[in-house]
Amino acid sequence: MALDLDTLNPEQLAAVTLEDRHALVLAGAGSGKTRVLTTRIAWLVHEGRVSPAGVLAVTFTNKAAREMLARLSAMLPVSLRGLWIGTFHGLSHRLLRAHHRDAGLPATFQIVDAQDQLAVVKRVLRALGADEERFPLREVQAFIAAQKEDGVRAAEVRARDERTRRLVEFYAAYDETCAREGLVDFGELLLRACELLARNALVREHYQARFRQVLVDEFQDTNRLQYRWLKLFAGPRTSVFAVGDDDQSIYAFRGAQVGNMAEFEREYAAGCVIRLERNYRSHGRILEAANALIRHNRRRLGKRLWTEQGPGEPLRAHQAFSDEDEARFVVEAVQRLAAQGVPLGQIAVLYRSNAQSRVIEHALFGAGLPYRVYGGLRFFERAEIKHALAYLRLLAVPEDDAAFLRVVNFPPRGIGGRTREAVAAQAAASAQPLVAAARATEGRAAAFVALLERLREQARGLALAETVRHVIDASGLAAHYRAQRDGAERLENLAELENAAAAFAEEWAATGGEAGEDPLLAFLAHAALESGEHRAAEGGEALQLMTVHAAKGLEFDTVFLCGLEEGLFPHEQSLYEPDGQEEERRLAYVAITRARRRLYLCCAQTRRLHGQTRWALPSRFFDEIPPELVQWIDTPRPSPARAPVRPAVPRGAPFRIGQNVHHPTFGAGVVIGAEGDGADARVQVRFGAAGVKWLAVSVAKLAPA
DNA sequence: CTGAGAATGATTTTT
DNA sequence: TCATTCTCAG
């Protein structure tokens, strides 16, 4: 695959060969987005407009970064050394390793994933004697992560109430702990990188002068911090090429700001917005359904997909009596398709929430149909892997308290809470890391430290994979799992970790790595930043089961979309979130646009959820798809959904639950409750910063938003 | 310190 | 319903 511009459509070509300026590319589903992005880079380099070292290409996933790099290497005969391509986190990590002193980090700083972060938060809350009833662990963690995603440090949080002030204290203490122990969480990677660039003019100017072309993929998923990150890398002579699709923004709950697209257009790309609306994936009816559905969203930049393929088959819809019947319907339809020769790997079953997979799996298993479920724990997130990694971290950084606590008693060696508390108290009193305090004790804790020191001594001079092997054996992990009845799989995973280390070391040697860096440190960072793909791969012999979120970016010949019911999809939780309904609709849009040829839409009248049987109406999304596109199977078309899950506001009240509203003082909010009617009507509204408030409809200047 | 039962709470999760 | 987390007795 050389650099081939002839097969690009006019819009793609315009984007690829755009003059040197900022641009926003609105790339619809299946419009050849990745191809445009990679061809753009190849074109810039090929034309001599930029050297590979002048390119910064940012993605969200490692998979996307790898794919872009692979395509680029195929298109360009030149060495791509010096090209910075990777995830926001991977690139931030690279920057921070190179400038750790300027960033105020130890050379051996460790990356903690969400799991590790939770453990640190827990430790901090315990140390502060926090009321864990009032401040659940997960909420505190979410608060800290959300603040970082917004680029806000503890000292900068505008705390209006007592509760927030307390949360800020936890946030500050958490950051202090991380700083003391040399730990950096995902948000911190980006925040530190931003602060480094913002404060250090020398570093900033160096990178701004170097990167003449900045390209961003999946721009609709960027959060506030990532937007800032991009602005800091983009100097006065840099062109930013942002590619995204506001209609596929489905990660607001993780801090993504769809508004970044409009903001970017205003701030950078004014007058240079290119729309890729020609779709190469789906048949006409599927696109029409998607277009019709998404038109119900109000906040859009606007886009309408089209295709030169014919209309194709009608969409098929089915309302089953129960979730089990729904699963049976899927199984029977899949069997018919399989009999027609459709490969199972080209069929996907999508659902809103993971809990739905159980029933479907059960039915598939009963029918003997092979399937693969995506989601769940990934390789580097498995307990046995995290344990092994903790030992490795302790080799690299003895003073890593988080790692210490994880394995001090694993495998069990009789060091319980009592001993740990004593060691922790000693460490706190002498302002030392836990290892140092433990070394000074008599007994088991000291013996553990001796074990660590022995391991470190023995690992000296060993290759990375040998070190991993040695640690697994000499730490007692291998023996522990060997003795367990169901430890075989865990042992296999540990063996796989050794393989992963070997593969990593080889890759490391081939690319040279960063000068002077320790391969063990690099491997640990790799493990944290790339927790192992668990997303679907093309082909295969098995049916693919996954959430709609996990399906983003993928495509299948046939898609079954299950559980299209009010309360499930759109999910009832979304009623309480600002713009929740629109996000759910975008999610449905993503689901629909995954299908190439056949799309089945399923719902059930009853569903077992949390042990109870619940009744549900067909999703409102059915009403938003033109009926002439849909063929109902075995079911007369159900009556329109309309009725909300919760009772609506009493008669005559102008607001419905789930509705977005605006208040002159509190700003944007969403109606989450109501009582009374007429002159007494009151509504409960959740505002962003101001929190939840009850407002009298007749008094408050509340307007629909 | 450890294992067994109770309590809990339960969308989505690229890094 | 069910999986994970927490508490308490041995």
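Labels below follow one simple rule: chain letters A, B, ... track the order of the sequence lines, proteins then strands, and each chain is numbered from 1. All heavy atoms count here, side chains included; hydrogens, waters and symmetry mates do not.
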message: Any carboxylate oxygen within less than 4.0 angstrom of a Lys/Arg side-chain nitrogen, looking at A:D217 and A:K33?
response: yes
task: Could you tell me whether the side chain of A:R608 has a donor or acceptor atom within less than 3.5 Å of a complementary atom in the base of C:dT1?
output: no
query: Can a side chain N or O of A:R378 be found less than 4.0 Å away from OP1 or OP2 on B:dT13?
result: no
field: Quiz item: cation-pi between A:R97 and A:F109, 6.0 Å / 45°
entry: yes
- prompt: At under 4.0 Å, does any side-chain N or O of A:N62 touch on OP1 or OP2 of B:dT14?
  reply: no
query: Under 3.5 Å, is there an N or O donor on one side and an acceptor on the other linking the side chain of A:R254 and the base of B:dT15?
result: yes
message: What I want to find out is whether A:D113 reaches A:K386 closely enough, with some N-O distance under 4.0 Å, to be called a salt bridge.
response: yes
- request: Answer yes or no: does a side-chain N or O of A:T87 lie under 4.0 Å from OP1 or OP2 of B:dT14?
  value: no
message: I want to verify a distance call: between C:dC6, B:dT13, C:dT1, whose nearest atom is closest to the A:K122 side chain?
response: C:dC6
message: For B:dT12 and A:N354 - does any side-chain N or O of the residue sit under 4.0 Å from the phosphate oxygens OP1/OP2?
response: yes
field: SB check A:E381 A:R378 (cutoff 4.0 Å)
entry: yes
field: Nearest-angstrom distance, C1' atom, C:dT5 to B:dT12
entry: 22 Å
- prompt: Would you say the base of B:dT11 and the side-chain of A:H571 have a donor-acceptor pair closer than 3.5 Å?
  reply: no
query: Is the distance from OP1 or OP2 of B:dT15 to the nearest side-chain N or O of A:N223 less than 4.0 Å?
result: no
statement: Sorted by position of nearest nucleotide on DNA chain B, 5' first, the leading residue of A:E218 and A:R444 is A:R444
- prompt: Between B:dT15, B:dT13, B:dT11, which one does the side chain of A:T61 approach most closely?
  reply: B:dT15
query: Taking the C1' atom of each, how far is C:dC6 from B:dT11, in whole Å?
result: 24 Å
